[in-house]
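Step one of this worksheet: look at the structure below.
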Amino acid sequence: MSTLELSEQEIIRRKSLEELNKLGINAYPAAEYKNTHFSSEIKQKFDPEKENLQEVSIAGRIMSRRIMGKASFAEIQDAEGRIQVYLNRDDLCPGEDKTLYNTVFKKLLDIGDIIGIKGHVFITKVGETSIHVKELTILSKSLKPLPIVKEKDGKTYDAFTDPEMRYRQRYVDLIVNPQVKEVFEKRRTIIKTMREMFDDAGYLEVETPILQPIPGGASARPFITHHNALDIPLYMRIANELYLKRLIVGGYDGVYEFAKDFRNEGMDRTHNPEFTVMEIYVAYKDYNWMMEFTETMLEKVAMALHGHTKVKIGDNEVDFKAPYRRLTMIDAIKEHTGIDISGMDETQLRTVCDELHIEIDETFGKGKMIDEIFGEKCEGHMIQPTFITDYPVEMSPLCKKHRDNPDLTERFELMVNGKELCNAYTELNDPIDQLDRFQEQMKLSEKGDDEAMFIDMDFVRALEYGMPPTSGMGIGIDRLTMFMTGQDSIQDVLFFPQMRPEKKEQVDTDELFAELGIPAEWIEVVRKTGYNKVSALKEAKPGKLFQDICGYNKKNKLGLTNPSQDDVKAWLA
RNA sequence: GACUCAGUAGCUCAGCUGGUAGAGCAACGCCCUUUUAAGGCGUGGGUCCAGGGUUCGAAUCCCUGCUGAGUCACCA
């Protein structure tokens, strides 16, 4: 990498690295560093009266330095937090040679470097538990300066907030913003709590195909790829439902999977093209049982995270304490619009949509219109956890018809803070009905609905062997994490949210520029004035190039002898 | 996909109705042996996102593009 492409501070750090090497110090040593403690442990356990912790070593990143001549303080950040260390020239360098303190620590180390230290714990005059350093080992030199975030009395100064940089360079975000780590630790607690509950119930955690020949189990546009050896298209799964139900056919009474699903659709605050869903299927149960199971699960998760069931989401306080309100979709619509749509036909529903100013088009069937009314008029009002039950049959092709009403299905969604969190069915296990429903989907597809489901004949065949009555439930883990941790963007609960790739401008090599006859010392200047590619240079006007580079030379006081205008013309010839 | 806002030093941000680019932190040099947003004195650091246009003169005004965020549309 050429120096002109680096910032001043990066050049200085590279020079420091060279200086370290000259002193015989390997800034990237291979050996294990034995740390005896973590920062938080030391802060908790140290007791000055007991005089414990007199031999500790920790390893971590230098996050701040306060140098006062012969003594210095620094903060070291390890996996569990930060602790202050105290360095004293004569304690760190007891002999004549003070290089380690004067040169290595004061001059050649920087914020961001990873070091190991050994020493004893004490409390400073101002009352901060600190480590008095006797040995210092460089474990990794940092060549790029970190953003500097300072804090006093809980107030943060110069916070690293640019969303683009936080998501693209999550590693920096994690180093500098400790709250970010907490969110991901909570995410893990959520998953762990659920997994423990399922395991205790004796359900089997399974893995099913991500590459599927038929993308089934949901209505969504899939990503498509190609398998070379088989020469067939394969789809990234949009759901794993049909595979999990095949396993119920196979004789497992309970199966679940934490699954990455992929949908080739828009991205926004609540949608990422790849996302995590937990789906669980339990034999011999129905959706009433599943509602109880779901509310128990969420209550447990909230307790595990917070020790209570009340969670602040934006301006709302949501209480995850079971049981949750249960409301049929038709009653929900009645409650929020005053209109009773039960028994209405397609024409009547169209009139209702018009009255409510809900936009629809001809391809909409009854089910989709009802869903549209619900989505527009009701969904947003469901702040406290509410089970919405009994969806129209047209929009739930994998769900068993309602035991009391063939126009409805035994389906529920759990609404929280105005958003869908869970989706669950009494599963359709009648193979003849299932094939009919798939064929209905085909008709929708022909009508122009590009999200209608594909027919999966192997799944129908599995049902023909007989699937026990079963209830299944899916829950969006990203969304759950958002709710439970109070984040309002999915990007804040994914380590690496999808971003448009960074475009790095192509830069031609020195050799290609040299071929034009440009002297080596001028190549960087030519690049710096905006001509990164030889092809771009060829189109430049010689007069402008001449002015640009001579001007740059003068402005930056490079002290180069300017070429003649004829020289410059010759380069471009 | 549409609209709105934003992009200036390593980071956070000023920069008015066009007139030589600023601050704090970070960096560099010097001073300082219990500081903590350490302090004091001094110094350096910029393709003002990119490309066009208007103008004697553009970070600033206009157009196009790129990237991000928000709202909507689409979508669970």
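Numbered from 1 within each chain, the chains take letters A, B, ... in sequence-line order.
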Check your understanding: Does NZ or CZ of A:R65 fall inside the cone over A:F105's six-membered ring, less than 6.0 Å from its centre and within 45° of the axis?
Key -> yes

Point to revise | Listed partners of A:V149 passing side-chain contact (heavy atoms from CB on, under 4.5 Å), at least two apart | key: A:T156, A:F160, A:V176

**Study point:** Min side-chain heavy-atom separation A:P215-A:F223 under 4.5 Å
**Key:** no

Practice item. Might you point out which heavy atoms bring A:E128 and A:Q84 nearest each other, and give the distance in Å? Key: OE2-CB, 3.8 Å

Practice item. Using a cut-off of strictly less than 4.0 Å, decide whether A:K70 has a side-chain nitrogen or oxygen near OP1 or OP2 of B:U33. Key: yes

Practice item. Sort out the partner of B:C72 for me: Watson-Crick or G-U wobble, both distances under 3.5 Å, none otherwise. Key: B:G1

Check your understanding: Who passes side chain to side chain donor-acceptor pair (under 3.5 Å) against A:S64, sequence neighbours left out?
Key -> A:E75

Review point. How do A:M415 and A:E164 order along RNA chain B: which one's closest nucleotide is nearer the 5' end?
Key: A:E164

Review point. For B:G68, does either OP1 or OP2 sit under 4.0 Å from a side-chain N or O belonging to A:R168?
Key: yes

Practice item. Looking at every strand, decide which applies to A:R263 at a 4.0 Å heavy-atom threshold: base, sugar-phosphate, or nothing. Key: sugar-phosphate

Practice item. Looking only at side-chain atoms of A:I67, point me to the closest of B:C28, B:C32, B:C30. Key: B:C32

Study note, to complete from the structure: Assert: residue with more 5' nearest nucleotide on RNA chain B, out of A:N88 and A:E372, is A:N88

Give each protein N/O atom lying under 3.5 Å from an N/O atom of nucleotides 70-73 of chain B, with the pair distance.
{"residue": "B:U71", "atom": "OP1", "partner": "A:R269", "partner atom": "NH1", "Å": "2.5"}
{"residue": "B:U71", "atom": "OP2", "partner": "A:R269", "partner atom": "NH1", "Å": "2.7"}

Check your understanding: What is the nucleic acid contact for A:D478, judged by heavy atoms within less than 4.0 Å: base, sugar-phosphate only, or nothing?
Key -> nothing

Point to revise | Who pairs with B:A59 - Watson-Crick or G-U, where each distance is under 3.5 Å | key: none

Review point. Which is true for A:E10 with a 4.0 Å heavy-atom rule: it touches a base, it touches only sugar-phosphate, or it touches nothing?
Key: nothing

**Study point:** A:M499: partners by side-chain contact (heavy atoms from CB on, under 4.5 Å), with sequence neighbours left out
**Key:** A:E164, A:Y167, A:R168, A:Q491

Check your understanding: Between B:U34, B:C75, B:C28, which nucleotide has the shortest distance from any of its atoms to the side chain of A:Y86?
Key -> B:U34

Review point. Does OP1 or OP2 of B:A38 have a side-chain N or O of A:R66 closer than 4.0 Å?
Key: yes

Point to revise | Contacts of A:R263 that satisfy side chain to side chain donor-acceptor pair (under 3.5 Å) - sequence neighbours left out | key: none

Point to revise | Assigned partner base of B:U54, Watson-Crick or wobble definition, under 3.5 Å | key: none

Practice item. Only counting residues at least two apart or in another chain, list the ones meeting ring pair (Phe, Tyr, Trp, His ring centres under 6.0 Å) with A:F387. Key: A:Y324, A:F412

Check your understanding: Any donor-acceptor pair under 3.5 Å linking the side chain of A:K141 with the backbone of A:I138?
Key -> no

Exercise for review: For A:D478, enumerate each residue passing the side-chain contact (heavy atoms from CB on, under 4.5 Å) test, keeping only those at least two apart in sequence or located in another chain.
Suggested key: A:R187, A:F275, A:T276, A:I490, A:V493, A:L494

Practice item. Check whether NZ of the Lys or CZ of the Arg A:R170 lies under 6.0 Å from the centre of the six-membered ring of A:F495 and within 45 degrees of that ring's axis. Key: no

**Study point:** Heavy-atom pair of closest approach, residues A:F122 and A:Y86
**Key:** CZ-CB, 3.7 Å

Point to revise | By side chain to side chain donor-acceptor pair (under 3.5 Å) - contacts of A:D97 (at least two apart) | key: A:T99

Practice item. Could you check if a side-chain atom of A:F483 sits within less than 4.5 angstrom of a side-chain atom of A:N417, using non-hydrogen atoms only? Key: yes

Review point. OP1 or OP2 of B:C30 sitting under 4.0 Å from any side-chain N/O of A:K106?
Key: no

N/O-N/O pairs, protein side and nucleotides 1-4 of chain B side, under 3.5 Å:
none

Exercise for review: With sequence neighbours left out, write down each residue that passes side chain to side chain donor-acceptor pair (under 3.5 Å) with A:K366, or none if nothing qualifies.
Suggested key: none

Check your understanding: What is the pairing partner of B:A27, taking Watson-Crick or G-U wobble pairs with both distances under 3.5 Å in any strand?
Key -> B:U43

Revision key, fill the gap. Rounded to whole Å, the CD-C1' distance (A:Q84 to B:U34) equals 8 Å

Exercise for review: Classify the nucleic acid contact of A:E75 as base, sugar-phosphate or nothing, counting any heavy atom under 4.0 Å across all strands shown.
Suggested key: nothing

Check your understanding: Does a side chain donor of either A:R411 or A:S396 reach within less than 3.5 Å of an acceptor in the other side chain?
Key -> yes

Study note, to complete from the structure: Rounded to whole Å, the CD1-P distance (A:I111 to B:U36) equals 16 Å

Is there any protein nitrogen or oxygen under 3.5 Å from a nitrogen or oxygen in nucleotides 7-13 of chain B, and what are the pairs?
{"residue": "B:G10", "atom": "N7", "partner": "A:Q9", "partner atom": "NE2", "Å": "3.4"}

Study note, to complete from the structure: With the side chain defined as heavy atoms from C-beta on, A:R65 is closest, among B:A27, B:A69, B:A38, to B:A27

Practice item. State the pairing partner of B:A21; accept Watson-Crick or G-U wobble contacts with both distances under 3.5 Å, and report none otherwise. Key: none

Point to revise | Under 3.5 Å on both distances, the Watson-Crick or G-U partner of B:U33 | key: none

Check your understanding: When we call it a touch if two heavy atoms are under 4.0 Å apart, what does A:E151 touch: a base, just sugar-phosphate, or nothing?
Key -> sugar-phosphate

Practice item. Within residues 121-133 of chain A, find the residues that approach RNA chain B with a heavy atom at under 4.0 Å, and present them sorted by residue number. Key: A:F122, A:T124, A:K125, A:V126, A:E128

Check your understanding: Are any of A:K15's side-chain N or O atoms less than 4.0 Å away from OP1 or OP2 of B:C28?
Key -> no

